[in-house]
Amino acid sequence: QVQLVESGGGLVQPGGSLRLSCAASGSIFRIYAMGWHRQAPGKQRELVASIASGSSPNYADSVKGRFTISRDNAKNTVYLQMNSLKPEDTAVYYCNLDKVLLVAGGVDDYWGQGIQVTVSS
């Protein structure tokens, strides 16, 4: 079984910064990709950023130059550094793990419960 713990969300003023973390625990052998999605009220859930094993990060156009995704494979943790935040960034952010290979075998995808990010003056 894989458990995800998300942290780092909260309320911040426009232009401010936040750093989201998502740590996975369990008998994990390998994770192909880790990323973040977000969903604002009344809007579709969208990909914010992702990073696959051995690949360069992928970002939504709306966050390029402002957000940075990184991963620590030894800790099974993915981070999202968010700078120059805008009110439009307000959403629930969801961590996701794609193609998780468990020690016991099998491949599955996992989602965090979501963490609120609010950008407001």
Side-chain angles (χ1 to χ4, degrees):
Q1 185 181 5
V2 173
Q3 300 288 333
L4 303 182
V5 178
E6 299 164 305
S7 62
L11 174 65
V12 67
Q13 294 184 356
S17 298
L18 287 173
R19 190 193 193 204
L20 304 183
S21 298
C22 177
S25 62
S27 299
I28 299 170
F29 180 75
R30 185 169 66 245
I31 303 171
Y32 172 69
M34 309 179 77
W36 294 90
H37 289 69
R38 68 185 181 187
Q39 187 167 25
K43 295 186 177 180
Q44 196 89 353
R45 185 178 297 190
E46 64 176 351
L47 173 68
V48 177
S50 65
I51 181 167
S53 180
S55 300
S56 299
N58 179 44
Y59 298 98
D61 288 339
S62 60
V63 307
K64 285 182 179 177
R66 300 188 298 119
F67 291 10
T68 302
I69 189 171
S70 61
R71 60 189 288 178
D72 185 335
N73 292 328
K75 297 181 179 179
N76 287 324
T77 300
V78 61
Y79 306 94
L80 186 67
Q81 179 66 47
M82 304 184 293
N83 298 326
S84 301
L85 283 162
K86 305 175 180 179
E88 307 93 272
D89 296 317
T90 296
V92 176
Y93 285 69
Y94 298 89
C95 172
N96 79 281
L97 310 180
D98 183 48
K99 298 182 178 64
V100 179
L101 177 60
L102 303 178
V103 172
V107 180
D108 282 303
D109 302 331
Y110 297 91
W111 288 85
Q113 66 179 356
I115 186 166
Q116 180 70 46
V117 171
T118 302
V119 185
S120 177
S121 60

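All values reported here derive from a predicted model rather than from experimental measurement. Residue numbers count from 1 along this sequence.
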[X] to [Y] - nearest heavy-atom pair and separation:
X   : Y   : answer
N96 : W36 : OD1-N, 3.8 Å
A91 : A40 : CB-N, 3.8 Å
Q39 : K43 : NE2-O, 3.2 Å
G35 : I69 : CA-CD1, 3.9 Å
R71 : Y32 : NH1-O, 3.3 Å
R38 : S62 : NH2-OG, 3.4 Å

Pairwise side-chain hydrogen bond (donor to acceptor under 3.5 Å, both in side chains) hits with a residue in residues 52-61, at least two apart: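 Checked against side-chain hydrogen bond (donor to acceptor under 3.5 Å, both in side chains) - neighbours excluded - the pairs reaching residues 52-61 are D61-K64.
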
> When you look at L97 and L4, which way does the side-chain contact (heavy atoms from CB on, under 4.5 Å) test go after all the steps?
Replying inline: CA-CA 9 Å; L97 310 180; L4 303 182; 3.3 Å; yes

Counting C-beta onward and ignoring hydrogens, is there a side-chain heavy-atom pair between [X] and [Y] closer than 4.5 Å?
X    : Y    : result
Y79  : T68  : no
Q116 : T90  : yes
S70  : I51  : no
P14  : V119 : yes
V2   : N76  : no
L18  : L85  : yes
V48  : L80  : yes
V12  : M82  : no

*What do the steps show when you test L20 against Q81 for side-chain contact (heavy atoms from CB on, under 4.5 Å), and what is the final call?*
CA-CA 6 Å; L20 304 183; Q81 179 66 47; over 6 Å; no

Item to check | Joint hydrophobic cluster, Y110 plus V78, side-chain heavy atoms closer than 4.5 Å | outcome: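 Cluster IDs for Y110 and V78 match.
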
Practice prompt. Quick one: pull up CG in N83 and CZ in R66 and give me the separation to the nearest 0.5 Å.
Written response: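 Output value for this atom pair is 9.0 Å.
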
Step by step, would you call L102 with S27 a side-chain contact (heavy atoms from CB on, under 4.5 Å)?
CA-CA 6 Å; L102 303 178; S27 299; 5.7 Å; no

| task | Please lay out, stage by stage, how L11 and S120 fare under the test side-chain contact (heavy atoms from CB on, under 4.5 Å). | result | CA-CA 7 Å; L11 174 65; S120 177; 4.3 Å; yes

Checklist entry - If we ignore angles and hydrogens, is there a donor and acceptor under 3.5 Å between the side chains of D72 and T77? => result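 No pair is found: no donor N or O on one side chain lies under 3.5 Å from an acceptor on the other.
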
Review point. Which residues satisfy the side chain to side chain donor-acceptor pair (under 3.5 Å) test with E88, sequence neighbours excluded?
Key: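 With sequence neighbours excluded, E88 shows a side chain to side chain donor-acceptor pair (under 3.5 Å) to no residue whatsoever.
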
Query raised in the report: Would you say R30 has more than 12 foreign heavy atoms packed within less than 6.0 Å of its CZ?
Result: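 No, not enclosed.
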
Notebook entry, point to check: How does the hydrophobic cluster around L101 look, that is, which other residues are in it when side-chain heavy atoms under 4.5 Å mark a link?
Noted result: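 Its cluster partners, ordered by chain and number, are F29, V103, V107.
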
Quiz prompt | Aromatic plane relationship, Y94 with W111 - under 30° parallel, 30 to 60° tilted, over 60° perpendicular | solution =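 Perpendicular.
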
When you look at K99 and D108, which way does the salt bridge (charged side-chain N to carboxylate O under 4.0 Å, His left out) test go after all the steps?
CA-CA 5 Å; K99 298 182 178 64; D108 282 303; over 6 Å; no

